[in-house]
Amino acid sequence: MRIDVIATADEAEEQKVKGKLAVVIDVLRATSTIVTALYNGCKGVIPVYDIERARSKACELEPLQCLLGGERKGIMIEGFHHGNSPLEYTAESVRNKYVILTTTNGTKAIHHAKTATDITIASFLNGQAVAKYIGRHFCDQVVMICAGTEGNFSLEDVLCAGKVIDELINIRNDVYLNDLGIAAKDLYANNKEQLHNILSHTFHYSRLVSLGFDEDVAFCMQQDIYPIVPVYVDEQFIINEKSSC
Ligand code: 3SL
Ligand code: MG
């Protein structure tokens with residue numbers, strides 16, 4: 001199995017993604033929010049690249065059945081129901097509803113993944129489940145697309161790619177990595193018990209804390225609290241029932 005880790009959404013060009021399994025990672029906070037909404041019973045998360053498209057998608061759905069969520073510059077978008085805090089996507093709020101989500105980097109990375117054969121979503125919250133899913137169902141080409149932050153490399157996303165790889169090599173002995181994959185695996189292996197320590201001075205982590213989102217950051221650093229794997233079907237993420245344990 002060949003795994004290539006890509007540092008930013010912008011670098012996920014079609015020829016690096018087409019025909020592969022894409023694992024999209026935006027730990028802070030989009031992919032943590034997506035898995036939380038799904039775990040809490042939402043019917044599906046519809047990722048949308050821009051705000052206007054999100055609003056028009058909402059008009060196509062029954063109003064009581066959908067929530068608009070997302071952010072720009074970390075802040076909730078005017079007229080939306082929720083921002084991009086996973087803590088907002090409680091069972092009471094999302095059960096039996098669709099969530100239409102647009103975020104600065106996370107949904108952009110998903111957009112770049114669209115030529116992949118299959119797309120899934122990883123975060124620290126569900127990394128082990130994603131590794132098991134890849135290990136059992138895919139044996140060929142995998143690309144991990146780290147969203148990054150506004151075109152720049154973001155350490156938390158690469159660390160999470162390292163987590164999925166670390167879990168995967170416990171299951172399979174045929175994993176071949178690109179250089180960033182090797183760096184991600186070692187970075188995670190050396191820091192898995194102290195994610196906060198290594199991330200506390202990083203750009204986006206610090207920015208979220210300065211905006212008052214420290215509870216979100218703490219929440220997103222939890223590992224393997226959700227045994228679910230989102231899969232992209234008919235333009236939305238749903239839980240892959242076969243992968244849930
Ligand atoms: O860029 C994104 O997709 C967001 O996850 C960024 S934020 O954490 O909501 O600011
Ligand atoms: Mg991010």
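For ligands, and for the atoms within them, numbers begin at 1 and follow the listed sequence.
Taking distance alone, with nitrogen or oxygen atoms compared against 3.5 Å, K73 stays at or beyond that limit from ligand 1. Where the criterion is an N or O separation shorter than 3.5 Å, residue side chain and backbone included, N105 meets it with respect to ligand 1. Note: no N/O pair closer than 3.5 Å links L208 and ligand 1 by distance alone.
Those atoms of ligand 1 that come under 4.0 Å of a heavy atom in G74, given as number and element, are 10 (O). Taking every heavy atom of L28 and a limit of under 4.0 angstrom, the matching atoms of ligand 1 come to 5 (O), 6 (C), 8 (O). Of all atoms in ligand 1, listed by their number and element, those nearer than 4.0 Å to a heavy atom of T103 are 2 (C), 3 (O). Which parts of ligand 1 touch G106 is read off a 4.0 Å heavy-atom cut-off, strictly below it: atoms 1 (O), 2 (C), 3 (O). Within ligand 1, the atoms closer than 4.0 Å to a non-hydrogen atom of D26 are 1 (O), 2 (C), 3 (O), 4 (C), 5 (O), numbered from 1 in the order shown. Applying the 4.0 Å criterion to heavy atoms of A30 picks out, from ligand 1, the atoms 3 (O), 5 (O). Shown in contact with N84 at under 4.0 Å from a heavy atom are these atoms of ligand 1, numbered in order with element: 4 (C), 5 (O), 7 (S), 9 (O).
When the heavy atoms of E150, E156, R29 are ranked by distance to atom 5 (O) of ligand 1, first place goes to R29.
Proximity of I46 to V99: side-chain heavy atoms (C-beta onward) are nowhere separated by under 4.5 Å. Within the 4.5 Å cutoff, side-chain heavy atoms of R2 are placed close to those of N178. In this structure, T104 and E150 have side chains that are in contact, with non-hydrogen atoms separated by less than 4.5 Å.
Ionic pairing of D10 and K108 is present here: one or more N-O contacts between side-chain nitrogen and carboxylate oxygen are shorter than 4.0 angstrom.
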- Task: Show your reasoning for whether side chain to side chain donor-acceptor pair (under 3.5 Å) applies to R72 and T102.
- Result: CA-CA 9 Å; R72 288 298 180 268; T102 182; 2.8 Å; yes

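Counting heavy atoms closer than 4.0 Å to ligand 1, residue T149 contributes nothing at all. Contacts of T104 with ligand 1, taken as heavy-atom pairs under 4.0 Å, involve both backbone and side chain.
Nearest N, O or S atom of D26 to the Mg ion (ligand 2): atom OD1.
Applying the 6.0 Å contact sphere to CD of E235 captures no more than 12 heavy atoms from other residues, nucleotides or ligands.
Evaluated for a side-chain contact (heavy atoms from CB on, under 4.5 Å) with F237, the options V24, I119, V231 yield exactly one hit, I119.
Side-chain polar atoms of H82 and S93 form a donor-acceptor pair below 3.5 angstrom.
For L28, the nearest N, O or S atom to the Mg ion (ligand 2) falls under 2.8 Å.
When atom types are taken as modelled, the side chain of E167 and the backbone of V164 share no donor-acceptor pair closer than 3.5 angstrom.
Using 4.0 Å as the threshold, H204 has a heavy atom nearer than that to some atom of ligand 1.
Hydrophobic clustering, with ILVMFWY side chains joined whenever heavy atoms are under 4.5 angstrom apart, keeps I110 apart from I6.
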